[in-house]
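The figures that follow rest on heavy atoms only: side chains count, while hydrogens, waters and symmetry mates do not. We count residues from 1, following the sequence as given.
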Amino acid sequence: MRVIASKTQQKSPVALLLKGEFIKKLNVSKAQMNAYLADGMPHYLIGNEYRFLESEILKWLETYHPSQERLENEFVDKRGRTLKEYVNQEVVLTTLRITKENLVALCKKGMPFERVGERDFFHIQDILDHYRKGSGEKTKEAPLTRSSKEKFLMPLYLNIPSEVPFIIVDGSYNFKNQQAGTGLVLVENRDNVTGISNVRNIQTAKSIVCEILAILDALRLIKKRKMNKAIIVTDQEAWSKGIAIDVNAYEGSVKPYIKEFNQLWNELKRKIEVKFVGELDQGKKNVLYNKADTLSKKYKKLIFNHMKVE
């Protein structure tokens, strides 16, 4: 009798989730997903594309707490102030010469403070104004000289000269029609806004191509307008730390654009800062970013001067 050895069968691995599948499966927003990533959520970066293993994510979420450091770095109050203008509990106790028990009681009674994550922060001038008595007037802050669009650039525009333009970009890909659309929102002097949409017929399996093309259109604009300095805002967080695109990783129809991109990037990168949209107020819900996203989905070549964004 002949004995046939059984073959060991390897269990089929679970497919990794794409970004869109992750958002739909876990019922979270893009902004929340980006917050998870910033706080160390396990993921896989294959080329420039994110992949996720559902079992790892669910286990990680069981003990997840928002990063205190991230929350503090992202904090901006209603007046546009960051935590650099606030003090911690120890400083306010020393300044006001009160005990911790007094502080807790005063906060319950309305003393101004900001709860950020698990910590409390205090603005000394706000506290003094809150308790000021007598004939002395409250200290008046310097008037905010913001343009009508400047508020949408909070807090990124801080420490950046007003003459430096912002270019908020986004890309969209229509797999059915094989069209890559790009949307640019150019903000000059913190007030004048121009919307630009573009479209290219490209066959590709990588949706990241449309994001590369959006940056490419921004680079073309910077060169054409001979800008001495510019800020590009993208939803590709990794690019805020540096951009390196391998032309050999893309299809033949895409290669000419990648080559042009690399050429312009090397020529202009000293004039450019690339920022992640998460650094803008409300992140991907920011009005200017939403305009860029809408423009990218028009799949037409259009220019909108003096665009309204209110």
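Residues K109 and V104 fail the side-chain proximity criterion, which asks for heavy atoms closer than 4.5 Å. Under the 4.5 Å side-chain criterion, counting only non-hydrogen atoms from C-beta, Q236 is in contact with I208. Taking 4.5 Å as the limit, some side-chain heavy atom of R190 sits within range of a side-chain heavy atom of S162. Side-chain contact between Q282 and F152 is absent, with no heavy-atom pair separated by less than 4.5 Å. Counting heavy atoms from C-beta outward, V185 and I167 have side chains that stay 4.5 Å or more apart.
Counting only N and O atoms by type, the side chains of Q68 and E72 include a donor and acceptor under 3.5 Å apart. Between the side chains of E237 and Y50, not a single donor N or O lies within less than 3.5 Å of an accepting N or O. Side chain to side chain, D217 and T182 meet the donor-acceptor criterion of an N or O pair below 3.5 Å. Side-chain atoms of N177 and Y299 include no donor-acceptor pair closer than 3.5 Å. Side chain to side chain, H123 and R81 meet the donor-acceptor criterion of an N or O pair below 3.5 Å. Under 3.5 Å, the side chains of E251 and T204 contain a donor-acceptor pair of N or O atoms. A donor-acceptor contact closer than 3.5 angstrom is absent between the side chains of Q178 and N174.
Contact detail for P66 and D39: the closest heavy-atom pair is CA-OD2, 3.5 Å. Residues V92 and I127 come closest through the heavy atom pair CG2-CD1, 3.6 Å. The shortest heavy-atom contact between L219 and F261 is CD1-O, 4.0 Å. Among all heavy-atom pairs drawn from W60 and G40, the shortest one is NE1-O, 3.7 Å. Nearest approach of F276 to V233, heavy atoms of both residues: C-CG1, 4.2 Å.
Note that CD of Q89 is 8.5 Å distant from SG of C107, once rounded to the nearest 0.5 Å.
Comment: R70 engages E74 in a salt bridge, judged by a side-chain N to carboxylate O separation of less than 4.0 angstrom. Ion pair E188/R225 flagged as a salt bridge, since at least one NZ, NE, NH1 or NH2 atom sits closer than 4.0 Å to an Asp/Glu carboxylate oxygen. The residues E49 and R51 are annotated as salt-bridged, a charged nitrogen and a carboxylate oxygen being separated by less than 4.0 angstrom.
Applying the 6.0 Å contact sphere to CD of E21 captures more than 12 heavy atoms from other residues, nucleotides or ligands. The number of heavy-atom neighbours closer than 6.0 Å to CD of E118, taken from other residues, nucleotides and ligands shown, is 12 or below. Environment of CZ in R115: crowded, with over 12 heavy atoms of neighbouring residues, nucleotides or ligands closer than 6.0 Å.
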- [ ] Please assess E211 against Y173 for the test side chain to side chain donor-acceptor pair (under 3.5 Å), listing each intermediate value before the final yes or no.
- [x] CA-CA 9 Å; E211 307 294 347; Y173 190 71; over 6 Å; no
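The aromatic rings of Y64 and Y36 stand perpendicular to each other, their planes meeting at an angle above 60°, with 30° marking the opposite boundary.
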